[in-house]
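Remarks on the structure that follows.
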Protein chains: 2
Amino acid sequence: MRGKVVRAKSEDTRKAILDAAEKLFSQAGFHGVSMRAIAVEAAVPQGLLHYHFGNKEGLFDAVLARRVVPLVERRVALLERRLAEARGGRPSIEAIVDAFFRPLMELGREEAGIHYSRLIAMVVNATDPRSRDLTRRYFDTMAKNYIAAIRQALPGLDEADAAWGYYFLMGAGIVSIARSGRIEDLSEGACRADDIDAVLARVVPYCAAGLRGIAGAAEINADITRSSLGRKRHA
Amino acid sequence: MRGKVVRAKSEDTRKAILDAAEKLFSQAGFHGVSMRAIAVEAAVPQGLLHYHFGNKEGLFDAVLARRVVPLVERRVALLERRLAEARGGRPSIEAIVDAFFRPLMELGREEAGIHYSRLIAMVVNATDPRSRDLTRRYFDTMAKNYIAAIRQALPGLDEADAAWGYYFLMGAGIVSIARSGRIEDLSEGACRADDIDAVLARVVPYCAAGLRGIAGAAEINADITRSSLGRKRHA
DNA sequence: GTCTATATTTAGATAGAC
DNA sequence: GTCTATCTAAATATAGAC
């Protein structure tokens, strides 16, 4: 019983450190935050950060790892449900795009989730090896599932175009969860990144139509290729 | 004449420092790079960085400022040309989206431009006050022009929806110029971020269709509102 | 304008008492 | 597991000779 109490205290400490690190890393990135600053924010001695997480990279990884599995599971489960609901026929591309965005945006309903999703936006768009490794490790499987689902909804898309489409989908996701203040500036306050329903109401039609647009462009390109090949044969 | 030679030498030094800083900042961000590392990369003594740019922030700002005016001018000029070409009728949304992306993506044809566009991707999506200030200062006017042009091409979009549309357009731009390696991972090497023509051939149809999609969704929402108001009146 | 040397602060990490 | 004190390296920035 005493062991349990001690364990609980330790877990509280770890949580306080992770919460503080999540908040500060999401604001200034890996190099923009010091272990000292995290310790102060968490109100724990600096030594504990090293005791629990080894070094700064271990802490950063732990911050990311803490929430990524449930997040990815929610998104994959929702995708699978949407695919199952479309049994027999094709799933609608809107249903798939919505499954991609909804659990991600829902993070933003809580303070900690805002920090966490900001951090994801930073990591998945960064170019350094650490970020690229983390992105691959945590998101590759999910991404492949979504690309396959997109192709199921839009059979006209080939593998490459579906990858491009997913890539731009990611782009809309990145700005939507970054909360950079940009949409407030662009709209002079009329639009707000924290209005999750408003974001979903725009980003889903945008990306769904965008994916259809790529499919349409691919067909047009194919037509041009066919007719120019035809012309060549006649020449 | 001697003054000119000295002046030229000084300009070379400044250029070497800016090139080095641009490269390193684009890889690891403001805090991820030391003044020492920049001096080494530029092959100049560290003291010169402070002599020419004051401090680290001054250097970062100078890196951004160096290329931003010509870039924004090219994009605005191309937008205006596209609007002029559509004299009488409406411009096509594709023409406007293409004007937004083409000069931005063309940066990627040169080594230095790749670094610079990566840096832009980082800054415009960051949440810290320095980045937000720089983004506002350099891109707000252009953004307003583009939002207005989007509304000209798609009169069905209201101000707010056009802002959201531009925001997602930005998102596609951010991933496209970040060159995170993500598209290569997603497509197992079949798609490449350095194939500028391939990116343009997908991102323009995607975003153009996306903007039309928001306009369509807005019309549907308006219809729902109208019919539900109608019902209420009858009730 | 350039370059060397160095002042000063802050960083990540560890040692050892409790 | 926790906390204090501290080590060592690295950071930004400056002073002053040339």
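All of these numbers come straight from a predicted model, not from anything done at the bench. Just so it is clear, the values below take in all heavy atoms, side chains as well, and ignore hydrogens, waters and symmetry mates. Letters A, B, ... are given to chains in the order of the sequence lines, protein chains preceding strands, and every chain is numbered from 1.
- Mapping B/Lys56 and A/Arg36 onto DNA chain D by nearest heavy atom places A/Arg36 closer to the 5' end of the strand.
- In this structure, B/Met35 places its CE atom 15 Å from C1' of C/dT9, rounding to the nearest Å.
- As rounded to whole Å, 16 Å separates atom P of C/dA15 from atom CG of A/Leu48.
- Using a cut-off of 4.0 Å between Lys/Arg side-chain N and Asp/Glu carboxylate O, A/Asp19 and A/Arg14 are scored as not salt-bridged.
- With the nearest nucleotide of DNA chain D identified for both A/Thr13 and B/Phe30, A/Thr13 has the one nearer the 5' end.
- Distance CD1 (B/Ile17) to C1' (C/dT2): 11 Å, rounded to an integer number of Å.
- C/dG12 atom P lies 11 Å from atom CG of A/Asn55, rounded to whole Å.
- One distance of note links CZ of A/Arg102 with CG of A/Leu200; it measures 5.0 Å at 0.5 Å rounding.
- Between the side chain of B/Arg151 and the backbone N or O of B/Leu157 there is at least one donor-acceptor pair closer than 3.5 Å.
- Rounded to whole Å, the distance from CD on A/Gln46 to P on C/dA13 is 10 Å.
- Counting non-hydrogen atoms of neighbouring residues, nucleotides and ligands closer than 6.0 angstrom, the CZ atom of A/Arg130 exceeds 12 such neighbours.
- B/His31 places its NE2 atom 16 Å from the C1' atom of C/dG12, with the value rounded to the nearest Å.
- OP1 and OP2 of C/dT10 both lie 4.0 Å or more from every side-chain N or O belonging to A/Ser34.
- Between B/His50 and D/dT14 there is no side-chain polar atom (N or O) within less than 4.0 angstrom of OP1 or OP2.
- Rounded to an integer number of Å, the gap from CZ of B/Arg14 to C1' of C/dG1 is 12 Å.
- You'll find that the side chain of A/His52 is closest to D/dG1, out of D/dA11, D/dG1, C/dG1.
- Between B/Ile38 atom CD1 and D/dA10 atom C1' the separation is 15 Å, expressed in whole Å.
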